[in-house]
Every structure is written in C-alpha cells, then in structure tokens.
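Got a structure for you, questions after.
Read the numbers this way: they start at 1 and go in the same order the structure lists the ligands and their atoms.
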Amino acid sequence: MSKKTVLTGITTTGTPHLGNYVGAIKPAIAASRSDGVDSFYFLADFHALIKCHDPDVVQRSTLEIAASWLALGLDTESATFYRQSDIPQIGELTWLLSCHTAKGLMNRAHAYKAAVQENVEAGEDPDFALTMGLFSYPVLMAADILMFNAHEVPVGRDQVQHLEMARDIGQRFNHHFGELFVLPKAVVGENVAVLPGQDGRKMSKSYNNTIPLWLPEKKLRKAIMRIVTNSLEPGEPKQTDDSALYSIFAAFASKDQCAEMKTAFADGIGWGDAKQKTFELINLELAPARERYLELIEKPALIEDELQAGADKARSYAEPFLQKIRYAVGLRPLS
Ligand code: TRP
C-alpha cells in the first residue's frame with residue numbers, strides 16, 4: 001500500500017516559543033516517526049520574505065528554527081526536512097499555478113482582506129504598503145503543497161482557508177490538464193492544545209505573551225512565575241478550568257501528573273508551588289534538547305549539511321514531477 005504524504009511548512013520569522021512547540025513541532029516530530037507516513041517538513045523562507053525585509057533576521061530565524069527541529073529529535077532519515085528556497089521547482093510551479101488562479105479567489109484571502117480593511121479604516125489608499133507577495137501568498141502555499149502531492153497538511157485554524165484555496169487551484173489545474181495533483185486536506189489538530197500565554201490569551205507573538213522555547217533555566221523559571229493567576233491564597237481550593245497555569249502544566253504532563261495536579265489545586269496548593277512544579281516539569285522535558293540546541297546553533301555548517309541533504313531528497317521528487325507538469329501545459333521540447 002502506498003504511504004500517506006503529510007507536509008507542513010514553518011515560516012522562518014522569529015524564535016520558536018512553547019506554543020509552537022506544543023501545537024506544532026512536537027506532534028509533527030511524533031508523526032514523522034509513525035509507519036505508513038511520508039513526511040515533508042520545510043522552512044518556509046520564501047514566505048518569510050513577505051513579512052520580514054531584514055536579511056540578517058531571515059537568515060538567523062532559519063538557523064534557529066532548523067536547529068530547534070533537529071535538537072528536538074526530528075528524524076531526517078525518515079522525514080524530508082528542507083528549506084523552501086532550495087527547491088527552485090516550487091518557484092516555477094508557483095508561476096504555472098498563478099496562470100490558472102482566479103484573481104477573485106485571491107481577493108477573498110483573509111490576510112489580504114484584513115490588510116486592506118486596516119488601510120481603509122486608517123483613511124489610507126486600500127493598497128497602501130501591500131505587496132504582491134502578500135497578495136499571491138496563497139498561490140505560493142498551494143505550490144508548496146501540490147509539488148509533493150501531500151494528502152494531509154497539519155495547520156493552525158488560520159490556515160484552513162489557504163488549504164481550501166490550494167484544493168481549488170489544484171482542482172482547476174487537474175480539470176484542464178488531467179489528474180496531476182492530489183487534492184490536499186487540512187488537518188487541524190482538535191486534540192492538540194492551544195497553549196495560553198502568560199496573560200491567559202492564546203500564546204502568540206502578536207499578543208507579546210510568549211515564552212521562548214530555549215530560555216536558559218533561570219529565565220524559564222522567571223517566565224513561568226509571571227503567568228497570571230488569581231488572588232486565592234495557599235490553602236484555598238482552586239479551579240483548573242480557568243487556569244492558564246494549569247493548561248500550560250497539562251500540555252507537558254502525563255495523565256497521572258494531570259490528576260495529581262488537579263487534586264493539588266482542589267487541596268489549595270499555593271500559586272508559587274504550582275508554578276515551581278510547572279517549571280520543573282517543562283524544564284525536565286526541554287533540558288536535554290536545549291543542550292543539543294545550544295551545540296547545534298554554534299555549528300551552522302552541520303545544519304546546512306542536513307538541509308542540503310533534505311533538499312536533494314525533495315528535489316529528486318519535485319524535478320521529475322515538474323517536468324510532467326511543464327509537458328502538460330505545453331512547455332515541451334520542439335522535437
Ligand atoms: N503559511 C503557513 C503559516 O504561516 C506556513 C506555510 C507555508 C505552510 N507554506 C505552507 C503550511 C504549506 C502548510 C503547508 O503558518
């Protein structure tokens with residue numbers, strides 16, 4: 001039986017935080033180890049250029065994110081791990097798809113519409129500061145996915161519309177040129193925790209409430225001590241349902257550890273103690289990977305080698321497939 005292809009991209013902007021780890025990196029690494037799955041994980045650095053115009057930041061984020069995945073144990077023998085910009089076939093496919101993508105479809109993209117809306121509300125020209133990169137982003141993302149005939153694409157809820165667009169684009173192309181592309185499905189992890197941040201809202205860079213993944217031990221402890229709680233005193237029973245601290249604890253805990261902590265809450269554990277336990281649990285899980293991360297980040301050449309090996313694997317799939325697509329649209333040798 002042929003394997004199922006699972007693919008996802010990680011935009012290389014910024015430093016990974018605990019929310020990225022719990023919601024995306026950890027489940028992806030676990031999935032890459034399961035039989036019957038062919039996984040493709042890539043650093044979406046073409047996408048990074050849409051938001052980030054500082055070359056050093058683009059390069060640094062790529063390094064940090066690649067080092068994070070490797071330090072956390074991604075098995076690059078079984079998974080194909082590559083940098084998007086090392087696969088020129090993706091750029092070419094983006095153009096071929098663009099020629100069959102309705103502009104009207106792109107007009108409906110949430111990210112683009114939100115940017116226009118903001119301009120209108122600020123009394124600016126609707127297109128003020130908007131780039132073609134932002135506008136065409138869903139076509140690039142469709143090329144990422146269709147290039148490798150992915151069946152499933154694990155993404156956050158905010159990306160579901162882009163997956164629908166990838167299906168639309170692929171379907172239209174297939175209709176015209178024959179069954180070339182697998183039509184991908186978004187997989188939104190229902191049971192994957194959405195981690196709250198220090199202020200209790202979803203952990204996100206846009207809320208400035210993140211806890212970076214690789215904080216040194218002391219700073220990690222401090223960051224956890226800053227998670228919001230209420231003013232209940234030690235000895236007073238506490239609820240777990242509405243506690244950001246408990247949710248963060250639970251994202252790292254086993255069933256038994258969760259049950260234990262629930263009892264401790266009911267028995268009135270002090271917030272300081274609960275935070276200390278949370279810190280210890282998270283630190284225990286991350287400390288070995290943190291050491292590997294710190295070593296790796298000092299050896300960019302090693303990471304580069306990994307990415308080149310991944311790119312070779314990815315290109316060996318993408319190149320013959322692209323040739324088939326070129327032929328289908330009429331880019332053919334003359335004799
Ligand atoms: N746009 C995605 C995000 O911001 C990242 C991404 C780029 C992606 N290409 C992709 C995700 C292809 C899945 C498949 O999260």
Whether Lys219 engages the ring of Trp214 as a cation-pi pair (distance to the six-membered ring centre under 6.0 angstrom, angle to the ring normal within 45°) should be assessed. no
Can you report which non-hydrogen protein atom sits closest to atom 9 (N) of ligand 1, along with the distance? Asp144 OD2, 2.8 Å
Sub-6.0 Å ring centroid separation between Phe265 and Trp271: yes
Just to be sure I read this right, does ligand 1 sit under 4.0 Å from the backbone of Gln84, its side chain, both, or neither, counting only heavy atoms? neither
When the ring planes of Phe40 and Tyr82 are compared, do they come out parallel, tilted or perpendicular, using 30° and 60° as the limits?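 Plane angle over 60°, so perpendicular.
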Short list, please: which atoms of ligand 1 are under 4.0 Å from a heavy atom of His47?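 Counting from 1, the qualifying ligand atoms are 7 (C), 9 (N).
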Can you tell me the protein heavy atom closest to atom 11 (C) of ligand 1 and the distance? Gly9 N, 3.4 Å
What about Thr8: any of its N or O atoms under 3.5 Å from an N or O on ligand 1?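 No - when backbone and side-chain N and O of Thr8 are compared with those of ligand 1, no distance drops under 3.5 Å.
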Closest protein heavy atom (residue, atom, distance) for atom 5 (C) of ligand 1: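 So the nearest neighbour among protein heavy atoms is Thr11 OG1, 3.4 Å.
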One pair to check against ring pair (Phe, Tyr, Trp, His ring centres under 6.0 Å): Phe321 and Phe181. What are the steps and the verdict? CA-CA 10 Å; Phe321 188 37; Phe181 297 124; 5.7 Å; yes
Would you check the N or O atoms of Lys51, main chain and side chain alike, for any that come under 3.5 Å of an N or O of ligand 1? no
Does ligand 1 have a heavy atom under 4.0 Å from the side chain of Ile145, from its backbone, from both, or from neither? side chain
Determine, for Phe279 and Lys222, whether the Lys NZ or Arg CZ falls below 6.0 Å from the six-membered ring centre while staying within 45 degrees of the axis.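 Output no; distance or angle outside limits.
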Numbered atoms and elements of ligand 1 in range of Phe42, under 4.0 angstrom, heavy atoms: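 Near Phe42, meaning under 4.0 Å from one of its heavy atoms, ligand 1 has 9 (N), 10 (C), 12 (C).
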Which residue owns the protein heavy atom closest to atom 3 (C) of ligand 1, what's the atom, and how far is it? Gln159 NE2, 3.4 Å
Decide yes or no for His100 and Phe177: does some side-chain heavy atom of the first lie under 4.5 Å from some side-chain heavy atom of the second?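 The answer is yes; the side chains approach within 4.5 Å.
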If we number the atoms of ligand 1 from 1 as shown, the ones under 4.0 Å from a heavy atom of Val153 are 13 (C), 14 (C)
Is it the side chain, the backbone, both or neither of Val155 that has a heavy atom closer than 4.0 Å to ligand 1? side chain
Among Leu74, Ile29, Leu7, which one satisfies side-chain contact (heavy atoms from CB on, under 4.5 Å) with Tyr41?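 Answer to the side-chain contact (heavy atoms from CB on, under 4.5 Å) test with Tyr41 among Leu74, Ile29, Leu7: Leu74.
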Rounded to the nearest 0.5 Å, what separation is found between the OG atom of Ser98 and the CG atom of Leu140? 9.0 Å
Do Tyr317 and Phe81 belong together in a cluster built from hydrophobic side chains that touch within less than 4.5 Å?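 Result: no, two separate clusters.
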Per atom 1 (N) of ligand 1, closest listed option by heavy atom (Tyr137, Phe46, Phe148):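 When every heavy atom of Tyr137, Phe46, Phe148 is considered, Tyr137 comes closest to atom 1 (N) of ligand 1.
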